[in-house]
Protein chains: 2
Amino acid sequence: MRADARKNYSHILTVAREVVTEHGADASMRDIARRADLGLATLLRHFPTREALFDALLCTNLDALTQKADELETSNAPDEALMFWFRAWIAFAQSYRGVVAMMAAAHTNPDSALYASCAAVHSASARLLRRAQGEGTARADMNGDDLFALITALGWAVDQPSFAPRADHLFHLIASAILTNRSSSDAKKATC
Amino acid sequence: MRADARKNYSHILTVAREVVTEHGADASMRDIARRADLGLATLLRHFPTREALFDALLCTNLDALTQKADELETSNAPDEALMFWFRAWIAFAQSYRGVVAMMAAAHTNPDSALYASCAAVHSASARLLRRAQGEGTARADMNGDDLFALITALGWAVDQPSFAPRADHLFHLIASAILTNRSSSDAKKATC
DNA sequence: ACCTGAACACCGTTCAAGT
DNA sequence: ACCTGAACACCGTTCAAGT
């Protein structure tokens with residue numbers, strides 16, 4: 001990449017972070033370009049779609065999330081690991097408004113620039129679930145798709161202004177639906 | 001209302017139902033007007049906002065939903081009533097793509113044409129919850145806001161193409177998070 | 001190589017002019 | 001009363017012309 005292009009690239013990301021913080025995932029691409037003092041066409045040259053931009057915006061967080069799954073898998077009890085990771089996912093979901101809805105949509109469509117990231121999150125969570133199921137601390141009548149649906153649904157919910165105040169409690173409720181032992185102390189550590 | 005206006009009004013609703021069935025709640029208002037052979041301004045005269053149109057589109061379903069809450073409250077066991085109504089809500093959520101997201105947004109904003117309808121659904125569900133809690137069959141550490149958040153989150157989830165295939169099972173999982181007795185036969189009747 | 005203004009086909013809002 | 005074309009300020013896409 002040429003020096004000026006590289007400079008534009010990182011400048012776009014900086015500005016996009018600001019704009020998206022204010023307006024959420026539906027922020028106007030034109031507005032981002034405007035605030036970066038660039039033509040809209042230039043922005044779209046670097047990030048041909050909104051999802052390409054978000055993949056770049058979120059890749060650090062997303063990598064941290066999948067890496068955290070690896071760490072938890074070796075260093076924590078299965079149910080504890082699942083719940084800690086679930087918490088981390090919800091924190092991620094709250095990074096910018098609308099990200100979860102965007103990821104849920106991207107999850108369906110292999111052409112999306114976010115598809116690979118979604119799949120990575122999905123498989124990380126599925127791995128943690130299977131491990132807890134092996135130990136008998138997570139419901140056996142549930143698969144990776146179910147887990148992903150539940151945590152994504154909660155991620156969407158805590159994104160809604162009217163539901164956000166109850167985010168912690170809602171987390172606890174969903175957690176209790178996933179774990180076998182409702183009052184497990186491990187779960188409590190993660191859900192309280 | 002003048003005769004021609006009344007005719008336009010109902011014609012718009014008929015056409016809107018078709019277009020929204022195809023394109024979901026984000027369907028273009030212009031497209032609806034076009035298909036109705038009317039100027040966009042005429043459509044917006046009858047329904048000044050998208051939410052006003054949807055309030056009209058959904059009012060029959062919404063009324064049925066709140067009325068169903070009344071019926072269930074007198075004719076069924078509290079936990080059974082709660083679960084039957086929950087099922088009806090999910091069926092409503094599946095009537096058109098995007099309605100749940102729209103209602104969640106409307107729920108926050110008192111100026112929305114859908115606000116009253118959201119409040120009605122909210123209070124109907126809260127009533128059924130309190131009754132089940134009184135009997136001890138629904139979790140005590142949960143309020144009407146929590147329930148509304150959970151059922152709305154599930155409504156959103158089953159709206160996503162990738163989660164829809166597991167809709168029934170996801171319902172069961174959320175139901176088990178709401179009810180006290182996980183394998184209650186009443187719950188089973190509603191969740192299976 | 002990389003940037004960008006401009007034309008394009010959309011969207012919902014508003015209102016003056018028509019019947 | 002009710003309808004509507006047109007102007008408006010937006011949006012993302014595309015590409016020919018510039019450096």
Side-chain angles (χ1 to χ4, degrees), chain A residues 1-20 22-57 96-99 101-102 105-106 109 111-115, chain B residues 1-20 22-57 96-99 101-102 105-106 109 111-115:
Chain A
M1 207 184 320
R2 228 165 61 179
D4 57 341
R6 178 180 302 278
K7 202 184 157 199
N8 279 340
Y9 182 93
S10 61
H11 185 227
I12 288 169
L13 285 182
T14 306
V15 173
R17 246 177 264 277
E18 290 172 21
V19 178
V20 169
E22 289 176 35
H23 298 97
D26 298 325
S28 155
M29 299 291 271
R30 227 187 193 97
D31 193 27
I32 296 172
R34 242 183 327 244
R35 286 222 227 169
D37 270 312
L38 289 171
L40 171 59
T42 306
L43 188 157
L44 292 169
R45 234 184 134 273
H46 286 283
F47 307 103
T49 63
R50 175 184 302 279
E51 303 194 337
L53 174 61
F54 272 84
D55 194 40
L57 275 182
Y96 302 112
R97 258 175 306 137
V99 271
M102 182 173 232
N109 139 353
D111 295 336
S112 165
L114 272 171
Y115 182 75
Chain B
M1 205 183 322
R2 227 166 59 179
D4 55 342
R6 178 179 302 278
K7 203 185 157 198
N8 279 340
Y9 182 92
S10 60
H11 185 226
I12 288 170
L13 284 182
T14 306
V15 172
R17 246 177 264 277
E18 290 172 21
V19 178
V20 168
E22 289 176 35
H23 297 98
D26 298 325
S28 155
M29 298 290 271
R30 228 188 194 95
D31 193 26
I32 295 172
R34 238 180 331 240
R35 286 222 227 170
D37 270 312
L38 289 171
L40 172 58
T42 306
L43 188 157
L44 292 169
R45 232 184 136 272
H46 285 283
F47 306 103
T49 64
R50 177 184 302 279
E51 304 195 337
L53 173 61
F54 273 82
D55 193 41
L57 275 182
Y96 302 112
R97 258 176 305 138
V99 272
M102 182 173 231
N109 143 6
D111 294 337
S112 164
L114 271 171
Y115 182 74

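Throughout, a chain's letter reflects where its sequence line sits, starting with A, and its residues are numbered from 1.
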Is [X] touching bases, backbone alone, or none of the nucleic acid, heavy atoms closer than 4.0 Å?
{"X": "B:T42", "answer": "base"}
{"X": "B:A41", "answer": "base"}
{"X": "A:L44", "answer": "base"}

Inset, instruction - Tell which nucleotide pairs with C:dA7, taking only Watson-Crick or G-U wobble pairs whose two distances are both under 3.5 angstrom. - result: D:dT13
Inset, instruction - Quick one: look up who C:dG18 pairs with, Watson-Crick or G-U, both distances under 3.5 Å, and put none if it's unpaired. - result: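 In the structure as shown, C:dG18 has D:dC2 as its Watson-Crick or wobble partner.
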Legend entry - A:D4 side chain, from C-beta outward: closest of D:dC2, C:dG12, C:dC2: C:dC2
Inset, instruction - Consider the side chain of B:A5, meaning its heavy atoms from C-beta on, and name the nucleotide among D:dT4, D:dC2, C:dC11 that approaches it most closely. - result: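 Within the option list, the nearest is D:dC2.
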Between [atom2] of [N] and [atom1] of [X], the distance in whole Å:
{"X": "B:M29", "N": "D:dC10", "atom1": "CE", "atom2": "C1'", "value": "17 Å"}
{"X": "B:R34", "N": "D:dG5", "atom1": "CZ", "atom2": "P", "value": "13 Å"}
{"X": "B:L40", "N": "D:dA7", "atom1": "CG", "atom2": "P", "value": "15 Å"}
{"X": "A:Y9", "N": "C:dA1", "atom1": "OH", "atom2": "C1'", "value": "17 Å"}
{"X": "A:R30", "N": "C:dA6", "atom1": "CZ", "atom2": "P", "value": "12 Å"}
{"X": "B:L43", "N": "D:dC2", "atom1": "CG", "atom2": "C1'", "value": "14 Å"}
{"X": "A:D37", "N": "C:dC3", "atom1": "CG", "atom2": "P", "value": "14 Å"}
{"X": "A:I32", "N": "D:dG12", "atom1": "CD1", "atom2": "C1'", "value": "12 Å"}

Legend entry - A:L40 backbone acceptor or donor facing A:R30 side chain under 3.5 Å: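 Answer holds: no.
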Inset, instruction - Would you check if the side chain of A:R97 reaches a backbone N or O of A:E22 as a donor-acceptor pair within less than 3.5 Å? - result: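 Yes.
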Is [X] close enough to [N] that one of its side-chain N or O atoms is under 4.0 Å from OP1 or OP2 there?
{"X": "A:T49", "N": "D:dG12", "value": "no"}
{"X": "A:H46", "N": "C:dC2", "value": "no"}
{"X": "A:N8", "N": "C:dC2", "value": "no"}

Legend entry - B:G39 vs A:R50, nearer the 5' end of DNA chain D by closest nucleotide: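 Per heavy-atom nearest nucleotide, the more 5' residue is B:G39.
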Legend entry - Working for side-chain contact (heavy atoms from CB on, under 4.5 Å), residues A:L53 and A:I32: CA-CA 11 Å; A:L53 174 61; A:I32 296 172; 3.9 Å; yes
Inset, instruction - Describe, in one word, how the ring planes of A:Y9 and A:H46 are oriented to each other, choosing from parallel (under 30°), tilted (30 to 60°) and perpendicular (over 60°). - result: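 Aromatic pair A:Y9/A:H46 classed perpendicular.
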Legend entry - Contact check, side chains of B:L38 and B:L43, non-hydrogen atoms, under 4.5 Å: no
Inset, instruction - Please figure out whether A:R45 or B:R2 has its closest DNA chain C nucleotide nearer the 5' end. - result: A:R45
